[in-house]
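Below is one structure, written out as structure tokens; the observations come after it.
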Amino acid sequence: MSKLEHHPGTNIVFPNPNKRDNFFVDVTPDEGYWANATYRFEFKYPESYPHEPPKVECLNKIYHPNINLQGKVCLNILRGEWNPTL
């Protein structure tokens, strides 16, 4: 969290400050194809975390090879290759 909080172009939003298992990260790239657009990602951590991966979803329409048409972030480390040490 601390790396994200101090990284330019990112903003962390906790809808409920007392619940740290569901939050949003707004990302605004400053270069590249997606420069100057803001994309919101929702992170949901299950009760069985760290034994199960968090669910990550992009709430904005975007074409990206790691984000499906429903906005789900499709990375191996968030699925079959998840490991509690990650």
Which atoms form the tightest heavy-atom contact between [X] and [Y], and what is the distance?
{"X": "Arg40", "Y": "Asn60", "answer": "N-OD1, 2.6 Å"}
{"X": "Lys61", "Y": "Leu69", "answer": "NZ-O, 4.0 Å"}
{"X": "Pro29", "Y": "Ala37", "answer": "CD-O, 3.2 Å"}
{"X": "Val56", "Y": "Phe41", "answer": "CG1-CD2, 4.3 Å"}
{"X": "His51", "Y": "Pro84", "answer": "ND1-CG, 4.1 Å"}

side-chain contact (heavy atoms from CB on, under 4.5 Å) involving [X] - partner list, sequence neighbours excluded:
{"X": "Lys19", "result": "Asn16, Asp21"}
{"X": "Asn68", "result": "Gln70, Lys72, Cys74"}
{"X": "Asn76", "result": "Glu81"}

- [ ] Report the residues that fulfil ring pair (Phe, Tyr, Trp, His ring centres under 6.0 Å) with Tyr49, sequence neighbours left out, ordered by chain and then residue number.
- [x]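 Tyr49 satisfies ring pair (Phe, Tyr, Trp, His ring centres under 6.0 Å) with Tyr45 only.
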TODO: Evaluate the ring planes of Phe23 and Phe43, with Trp represented by its six-membered ring, and classify them as parallel (under 30°), tilted (30 to 60°) or perpendicular (over 60°).
DONE: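 Parallel, since the angle between the ring planes stays under 30°.
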Open item on the list: Do Thr10 and Asp26 have side chains that approach each other closer than 4.5 Å (heavy atoms only, starting at C-beta)?
Closed with: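 Side-chain contact under 4.5 Å: no.
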To the nearest 0.5 Å, what is the distance between [atom1] on [X] and [atom2] on [Y]?
{"X": "Lys44", "Y": "Glu42", "atom1": "NZ", "atom2": "CD", "answer": "4.5 Å"}
{"X": "Asn36", "Y": "Asp30", "atom1": "CG", "atom2": "CG", "answer": "7.5 Å"}
{"X": "Phe24", "Y": "Leu59", "atom1": "CZ", "atom2": "CG", "answer": "6.0 Å"}

Task: Arg79: salt bridge (Lys or Arg N to Asp or Glu O under 4.0 Å) partners, not counting sequence neighbours - done: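 So Arg79 forms no salt bridge (Lys or Arg N to Asp or Glu O under 4.0 Å) with any residue.
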- [ ] Using the ring pair (Phe, Tyr, Trp, His ring centres under 6.0 Å) rule, collect all pairs that involve residues 64-86, keeping only residues at least two apart or in two chains.
- [x]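 Pairs touching residues 64-86 that pass the test: Trp34-His64.
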Open item on the list: Are Tyr39 and Tyr63 linked, directly or through intermediate hydrophobic residues, by side-chain heavy-atom contacts shorter than 4.5 Å (ILVMFWY only)?
Closed with: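 No, because Tyr63 and Tyr39 fall into different hydrophobic clusters, even though each may have its own neighbours under 4.5 Å.
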